[in-house]
Amino acid sequence: MSGLERWYRRLLLAYPRRYRRTRGLELLTTLLDASGPEQRRPHWRDAVDVVATGLRYRFALPGGRWLATAVVFVALATGALGAGLGARLGWRGAPDLPTDDALSASAERFTPGWQAGAPDPDDIRPFRIIGNWLSSAPVRMLGGDTWRDTTGMVISPAATPSTAALAQALDRLHAAGWRTDPTREVGEHTVVTAHRAGIIMVVAVQSARGERSVFYFVYQREEPRPVLPLTIAGALLSGALGWLGAAALLRRARGRARGVQALLVAVAIPALGLLVPATATTWLILASGHPIDPAAWPPPPAWAAYVTELGRMFTVAGAFLALLVVLMAAVAPTARTYSPGRAP
Amino acid sequence: LTGYTDGRYFARVAVQEPTFLILTALAAGPLHGYGVMREVEALSPDRGRLRAGTLYAALDRLTEAGLVEVDREEAVDGRLRRYYRLTEPGAAALDAEIARMRRQASTAAARLRARHAT
């Protein structure tokens with residue numbers, strides 16, 4: 001085998017295996033026929049053409065609207081999972097959020113005239129924040145919140161009116177090394193965002209009865225820079241792999257007996273159905289953005305849908321059935337005739 | 001491109017220039033892949049060479065549409081050569097495309113004549 005032939009054989013790996021079985025030798029012959037007598041390596045234009053066309057065959061959607069929809073959904077489901085994994089990886093570089101006790105202590109420290117235990121001890125506690133209405137509704141339906149490592153909040157009553165109280169609070173924040181953004185009005189709240197060492201603290205103050213005010217301290221970890229690129233890369237890479245895998249599976253399923261195909265469809269439908277909640281939730285979270293604003297609480301991280309009890313249970317069950325479909329397509333007997341697939 | 005010949009419809013195929021040239025190359029008789037490439041180059045030397053990947057994607061589409069079919073296979077020096085030929089619907093499709101191009105060319109020529117006359 002000549003060096004040129006080896007090069008062409010490597011390039012032909014861009015095509016799906018089934019296509020190579022039916023067309024590979026013929027394509028190789030044509031490529032070698034078209035090459036020059038002294039040629040040692042493929043011309044770059046031939047290389048690009050072969051690889052691009054081969055990939056188009058790999059990504060080609062199978063015939064039929066329902067099959068095409070299934071491939072697109074698989075790409076969305078794997079893309080959502082990849083986005084979650086990418087985001088998780090990106091957030092690993094973020095500092096830990098202060099503990100519940102530390103949050104309570106700093107709320108006490110920054111609230112002017114803080115009154116211990118007033119008006120109710122239960123009002124002075126850190127608690128978890130759920131995302132804005134768009135992302136929180138499906139998350140709540142899926143079993144609630146389990147990402148208290150990303151956001152904390154303390155409600156703290158102050159003994160002074162809101163304007164004076166906020167000025168004092170800002171002095172205390174600056175003295176403690178916090179950098180603050182300009183103050184702004186959001187509904188009934190006066191809001192300021194403070195930053196220090198990778199932690200964001202949104203301070204909102206609201207007037208209360210009897211010349212008093214109530215402070216809300218929302219703590220978050222500042223999103224590390226790699227989160228967005230890793231989330232996008234995870235979504236694109238996993239989505240592409242899911243698309244390729246689903247298209248390859250359907251090409252393989254085409255060669256199976258009709259009874260096997262019916263069985264594959266019967267298992268694939270519930271598998272895809274079980275993946276819908278986590279997939280839809282993740283894309284809703286990704287679409288809702290990251291507004292740092294008490295009027296629209298920041299959305300949960302991209303992996304949130306997979307850590308809720310129902311989301312996790314559905315995803316694991318869906319993934320198990322999807323694996324079953326892959327195994328069945330791999331080992332099931334082949335029908336007597338089959339088509340190698342559609343041209344892209 | 002849709003058509004009706006020999007009592008059956010043939011599939012819709014977008015006749016872009018490479019497709020038209022491939023159908024034209026096969027009009028004279030069966031050719032293998034490299035033969036089609038050479039013929040297309042001779043028919044349209046200005047457009048550059050038809051690449052193998054593009055050629056086989058087009059042949060797949062045309063085969064799927066029933067415009068082209070495998071004529072025979074040959075093994076020469078251990079290499080597989082598959083010859084393709086134009087089917088009747090393929091010939092009809094090429095005929096229809098030629099008529100369409102003639103109409104367009106006539107219209108364009110008439111408008112140019114009118115421009116020169118004014």
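Labels below follow one simple rule: chain letters A, B, ... track the order of the sequence lines, proteins then strands, and each chain is numbered from 1.
Contact of Arg49(B) with chain A is made through the side chain alone, with heavy-atom distances under 4.5 Å.
Between the side chain of Thr29(A) and the main chain of Leu80(B), a donor-acceptor pair closer than 3.5 Å is present. Side chain of Asp49(A) to main chain of Thr54(B): a donor-acceptor pair is present (N/O by atom type, distance under 3.5 Å, no hydrogens or angles).
The number of heavy-atom neighbours closer than 6.0 Å to CZ of Arg41(A), taken from other residues, nucleotides and ligands shown, is 12 or below. By the neighbour-count criterion of 12 heavy atoms within 6.0 Å, atom CZ of Arg17(A) is sparsely surrounded, having that number or fewer from other residues, nucleotides or ligands.
Listed by chain and residue number, Leu249(A) satisfy the side-chain contact (heavy atoms from CB on, under 4.5 Å) test with Val326(A) (two or more places apart in sequence, or in another chain). Taking Tyr34(B) as the reference, nothing meets the side-chain hydrogen bond (donor to acceptor under 3.5 Å, both in side chains) condition, with sequence neighbours excluded.
In terms of heavy-atom pairs under 4.5 angstrom with chain B, the leader among Leu27(A), Val50(A), Leu31(A), Leu25(A) is Leu27(A). Taking chain B as the reference chain and counting heavy-atom pairs below 4.5 Å, the highest number among His43(A), Glu26(A), Arg45(A) is found for Glu26(A). Counting heavy-atom pairs closer than 4.5 Å to chain A, the top-ranked of the candidates Arg51(B), Arg79(B), Arg38(B) is Arg51(B).
With contacts defined as side-chain heavy-atom distances shorter than 4.5 Å, the pair Tyr57(A)/Tyr56(B) does not qualify. Counting heavy atoms from C-beta outward, His32(B) and Thr30(A) have side chains that stay 4.5 Å or more apart.
Rounding to the nearest 0.5 Å gives a distance of 7.0 Å between OG1 of Thr22(A) and CZ of Arg82(B). For the atom pair Asp33(A) CG and Arg81(B) CZ, the distance stands at 4.0 Å (nearest 0.5 Å).
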